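Excluded from the calculations below are hydrogen atoms, water molecules and symmetry mates; all remaining heavy atoms, backbone and side chain alike, are included. Only a predicted model underlies this, so the values are computations on that prediction, with no experimental measurement involved.
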Amino acid sequence: MESIFHEKQEGSLCAQHCLNNLLQGEYFSPVELSSIAHQLDEEERMRMAEGGVTSEDYRTFLQQPSGNMDDSGFFSIQVISNALKVWGLELILFNSPEYQRLRIDPINERSFICNYKEHWFTVRKLGKQWFNLNSLLTGPELISDTYLALFLAQLQQEGYSIFVVKGDLPDCEADQLLQMIRVQQMQRPKLIGEELAQLKEQRVQKTDLERVLEANDGSGMLDEDEEDLQRALALSRQEIDMEDEEADLRRAIQLSMQGTSRNISQDIPQTSGTHLTSEELRKRREAYFEMQQQQQQQDPPGPLTHPCEKPTTSSEALSSELGDAMSEEDMLQAAVTMSLETVRNNFKTEGKK
């Protein structure tokens, strides 16, 4: 149906669209129809002037706006009728007694012009099929032969005035093409207002969908960022806990060493405020050696070790006894014991020297 000429509604120029859709081309413009309307107004003014230009009716006529057109683009049936006379066409009221007496089947006509209030549109036969060329539709609407009479009757019930177009319409490409083929319409065209409303609703739905998607994307990013932050905080807490444990262990060892040093210092007499002489140092060393010998005589001799075997130190014995399943408290105690043993060994070494 692309070959069918169909003007869509612009403003209130439905009379222009009606005529051009009927004639299947851009035959009339608003300027040409306005010229016809002004001509009709002048003819009416001249008829009113015949009764006297000073009469009350004439003055009232001059004060009234034109009945053939208005600023919105509306044109009267007289303008349409005069425009069609240019092409040798005339309009007959479909439901008039004169036409009804002719008992003509609507499918045997060529075209109709329909009017309700200020809206005009054309129903025309192109080839062997009828089409509703209403400018308020998004495209031509196919009307079957069996539905045509019902369609016209429905328009009359709705208050439309229907005019039959008599005369030979100008040739057009759509009429010639549709004489050879028949078309099928799978979907009825919508009203322009319905299409605009649907498009607007689709745009609104699309906008809402985009907002939802953007919101979901944003929240997803926020969730991912929050998860990364939580993981980073957890790792930092673990590191801090490990550092705290290590610091506690170091402080415990340091305190134990300090306490041991203080105890040993208390056992060894010191002269405060003065330096010891070489004689005093010699006597103290002799006293320290005698004390060590007495302790060795009192302690029972330990088991002999194999000549090839390496003597086991106290620290190695301690580590072998602890095993892999040592608790943190055991490890701390072992570290303290090792530190005390190291301090004692240092004092023994100094005594031997």
Side-chain donor-acceptor distances from residues 25-37 under 3.5 Å, at least two apart:
{"residue": "Ser29", "atom": "OG", "partner": "Glu32", "partner atom": "N", "Å": "3.4"}
{"residue": "Glu32", "atom": "OE1", "partner": "Ser29", "partner atom": "N", "Å": "3.1"}
{"residue": "Ser34", "atom": "OG", "partner": "Pro30", "partner atom": "O", "Å": "2.7"}

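By the neighbour-count criterion of 12 heavy atoms within 6.0 Å, atom CD of Glu158 is densely surrounded, having more than that number from other residues, nucleotides or ligands. Within a 6.0 Å radius of CD in Gln156, other residues, nucleotides and ligands contribute more than 12 heavy atoms. Environment of CD in Glu10: sparse, with no more than 12 heavy atoms of neighbouring residues, nucleotides or ligands closer than 6.0 Å. Under a cut-off of 6.0 angstrom, the local environment of CG in Asp105 is crowded, with over 12 non-hydrogen atoms contributed by other residues, nucleotides or ligands.
Here the side chains of Cys172 and Leu126 are in contact, with some heavy-atom distance below 4.5 Å. By the 4.5 Å heavy-atom criterion applied to side chains, His119 and Cys14 are counted as neighbours. Using a 4.5 Å heavy-atom cutoff, the side chains of Lys166 and Ser111 are not in contact. In this structure, Glu7 and Ser135 have side chains that are not in contact, with every pair of non-hydrogen atoms separated by 4.5 Å or more. Within the 4.5 Å cutoff, no side-chain heavy atoms of Lys85 are placed close to those of Glu90. For the pair His38 and Met69, the minimum side-chain heavy-atom distance is below 4.5 Å.
Once rounded to the nearest 0.5 Å, the distance linking CG of Asn82 with CG of Asn68 reads 8.5 Å. Between Glu44 atom CD and Gln39 atom CD the span is 11.5 Å, to the nearest 0.5 Å. From Lys8, atom NZ reaches atom CG of Asn21 across 11.5 Å, with rounding to the nearest 0.5 Å. If you take CD on Glu43 and CD on Gln78, they are separated by 11.0 Å, rounding to the nearest 0.5 Å. Remark: Ile113 CD1 to Arg124 CZ distance equals 11.0 Å, nearest 0.5 Å. Rounding to the nearest 0.5 Å places CG of Leu178 at 5.5 Å from OG of Ser3.
Across all their heavy atoms, Thr122 and Cys18 have their closest contact at OG1-O, 2.7 Å. Closest approach of Ile80 to Ala15, counting heavy atoms only: CD1-CB, 3.9 Å. Annotation for Ala83 and Trp87: closest pair O-CD1, 4.0 Å, computed over non-hydrogen atoms. Shown here for Pro140 and Pro189, the closest heavy-atom pair between the two residues is O-CG, 3.6 Å.
Leu22 is not connected to Leu133 by any chain of hydrophobic side-chain contacts under 4.5 Å among Ile, Leu, Val, Met, Phe, Trp and Tyr, and they are in different clusters. Note on Leu142: it clusters hydrophobically with Leu177, by side-chain heavy-atom contacts below 4.5 Å among ILVMFWY residues. Under a hydrophobic-cluster definition in which Ile, Leu, Val, Met, Phe, Trp and Tyr are linked whenever side-chain heavy atoms come within less than 4.5 Å, directly or via other members, Leu23 and Ile77 are assigned to the same cluster. Linking Ile, Leu, Val, Met, Phe, Trp and Tyr whenever their side-chain heavy atoms come within less than 4.5 Å puts Phe75 and Phe163 in one cluster. In the hydrophobic clustering of ILVMFWY residues, with side-chain heavy atoms under 4.5 Å counting as a link, Leu137 and Trp120 come out apart.
A search for side-chain hydrogen bond (donor to acceptor under 3.5 Å, both in side chains) contacts involving Arg188 returns Glu141, not counting sequence neighbours. With sequence neighbours excluded, no residue satisfies salt bridge (Lys or Arg N to Asp or Glu O under 4.0 Å) with Glu50.
Of the N and O atoms on the side chains of Ser161 and Asn115, not one donor lies less than 3.5 Å from an acceptor on the other residue.
When hydrophobic residues (I, L, V, M, F, W, Y) are linked wherever their side-chain heavy atoms come within less than 4.5 Å, Met186 remains an isolated member. The hydrophobic cluster around Ile107 extends to Ile92, Phe94, Tyr99, Leu102, Ile104, Phe112, Tyr116, Phe121, Val123, Trp130, Ile143, Tyr147, Leu148, Leu150, Phe151, Leu152, Leu155, Tyr160, Ile162, Val164, counting ILVMFWY residues whose side-chain heavy atoms fall within less than 4.5 Å of a member.
Here salt bridge (charged side-chain N to carboxylate O under 4.0 Å, His left out) pairs that include residues 56-77, with residues two or more places apart or in two chains, are Glu56-Arg59.
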Please report the C-alpha distance between Arg45 and Tyr58 in whole Å, then the side-chain angles of each, then the deciding distance to 0.1 Å, and finally whether the side chain to side chain contact (heavy atoms under 4.5 Å, CB included) criterion is met.
CA-CA 8 Å; Arg45 188 192 66 79; Tyr58 182 75; 2.9 Å; yes
Quick one: do Arg110 and Val165 satisfy side chain to side chain contact (heavy atoms under 4.5 Å, CB included)? Show the steps, please.
CA-CA 7 Å; Arg110 296 294 302 168; Val165 181; over 6 Å; no
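Of the possible polar contacts, none joining the Gln129 side chain to the Arg182 backbone as a donor-acceptor pair under 3.5 Å is found.
A salt bridge does not link Lys125 to Asp145: none of the charged nitrogens lies less than 4.0 Å from a carboxylate oxygen.
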